[in-house]
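Below is one structure, written out as structure tokens, with a few remarks after it.
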Amino acid sequence: MALFKKKQNQEITISDIQLPEHIGIIMDGNGRWAKKRGLPRSAGHTAGAQTFRKIARYCSDIGIKHLTVYAFSTENWRRPGDEVDALMRLFKDYLQEAIRDFKDDSIVLRFLGDRTAFSPELLSLMNENEEESCNRDGMILNIAMNYGGRAELVTAMQQMAQEVASGSLNPEDIDEQMISDHLYTKGQPDPDLIIRPSGENRTSNFLLWQSAYAEYVIMDVLWPDFTPNDLDSALIEYAKRNRRFGGV
Ligand code: FPP
């Protein structure tokens with residue numbers, strides 16, 4: 001790989017390496033970032049939303065084709081009401097801003113998850129953003145909202161069971177590709193790299209099926225403090241990995 005053409009003492013930069021096609025990010029550590037500063041958790045999410053804007057733009061600029069961020073899990077509804085409300089406001093602000101200011105952007109916006117739980121206002125902003133951006137040719141930015149890997153698989157299995165019951169699907173034709181085609185990420189490649197800031201070593205129900213062969217990079221920085229330099233470090237770490245996909 002190009003990475004190893006550089007001499008030992010030369011600094012490796014992202015222009016020397018093969019970039020992943022699809023990056024997933026678990027945007028973790030907002031609460032701890034706020035606590036360290038004596039601020040409410042919602043302040044951590046506000047700072048995290050700014051980091052999200054910066055990193056999404058950076059990924060698009062360096063040529064990443066697919067970015068999936070974990071913004072709200074199916075389990076996050078269990079958080080205190082004021083924290084959930086603050087997150088919904090941040091989603092609304094971003095989606096309004098995207099409709100208003102990103103007219104000439106190349107980024108395609110998509111949402112992964114069960115959207116029936118959102119307010120009608122948020123739901124129409126999600127739909128509007130998808131429609132507005134669907135013919136663009138840049139990075140696909142998937143925002144996972146009310147997303148859970150298990151819930152996604154349950155929904156896929158229910159859909160396939162209905163297709164079997166209606167006679168349009170033969171159970172013997174169910175294979176891995178067909179399952180992938182029933183997920184929210186249908187038509188997109190599996191993530192190559194999943195970055196988890198804040199030091200936790202968990203998948204937290206993120207892209208369970210799709211991450212079968214993803215490389216995980218766990219980083220000690222809290223999400224609001226995450227910078228493009230941290231992303232570069234994760235990309236360089238990823239490029240050093242020897243991906244074997246179960247082979248030798
Ligand atoms: C996990 O950190 C983070 C979340 C549950 C929310 C992530 C959401 C954002 C970064 C805002 C994104 C905004 C847009 C517009 C997509 P945590 O709160 O669990 O942190 P902790 O583990 O330190 O408590």
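As the structure lists them, so they are numbered: ligands from 1, and atoms in each ligand from 1.
Checked by distance only, ligand 1 and W223 stay at 3.5 Å or farther apart across all their nitrogen or oxygen atoms. For ligand 1, one of its N or O atoms has an N or O atom of N30 under 3.5 Å away. Looking at ligand 1, you won't find any N or O of I143 less than 3.5 Å from one of its N or O atoms. Some N or O of R32 is nearer than 3.5 Å to an N or O of ligand 1, by distance alone. Polar contact with ligand 1: present for G31 (N/O pair, distance under 3.5 Å).
Residue S198 places every heavy atom at 4.0 Å or more from ligand 1. In this structure, M145 has no heavy atom closer than 4.0 Å to ligand 1.
Atom 17 (P) of ligand 1 has its nearest heavy-atom neighbour, among E200, R79, K35, in R79.
Summarising the local packing, CZ of R53 is surrounded by more than 12 heavy atoms from other residues, nucleotides or ligands at distances under 6.0 Å. The local environment of CG in N170 is crowded, with over 12 non-hydrogen atoms from other residues, nucleotides or ligands closer than 6.0 Å.
When each atom of ligand 1 is checked for a heavy atom of H45 under 4.0 Å away, the hits are 4 (C), 6 (C), 18 (O). Atom numbering of ligand 1 starts at 1 in the shown order; those under 4.0 Å from a heavy atom of A71 are 6 (C), 7 (C), 8 (C).
Note on ring orientation: taking the six-membered ring where Trp is involved, the planes of H22 and H66 are tilted (angle from 30° to 60°).
For N76, every heavy-atom contact with ligand 1 shorter than 4.0 Å involves the side chain, none the backbone.
For the pair R57 and F102, the cation-pi test (distance below 6.0 Å, angle within 45°) is passed.
Residues F118 and F91 keep their aromatic ring centres 6.0 Å or farther apart.
Judged by distance alone, with hydrogens and angles left aside, the side-chain atoms of T51 form a donor-acceptor pair with the main-chain N or O of P224 at under 3.5 Å. In this structure, the side chain of R115 does not engage the main chain of L123 through any donor-acceptor pair within 3.5 Å. Without hydrogens or angle criteria, D114 side chain to N146 main chain gives no donor-acceptor distance under 3.5 Å. Side-chain atoms of S60 never come within 3.5 Å of backbone atoms of M139 as a donor-acceptor pair (strictly under, hydrogens ignored).
With hydrogens left out, the protein atom closest to atom 12 (C) of ligand 1 is M27 CE, 3.9 Å, a heavy atom. Counting protein heavy atoms only, atom 15 (C) of ligand 1 is closest to Y94 CB, 3.4 Å.
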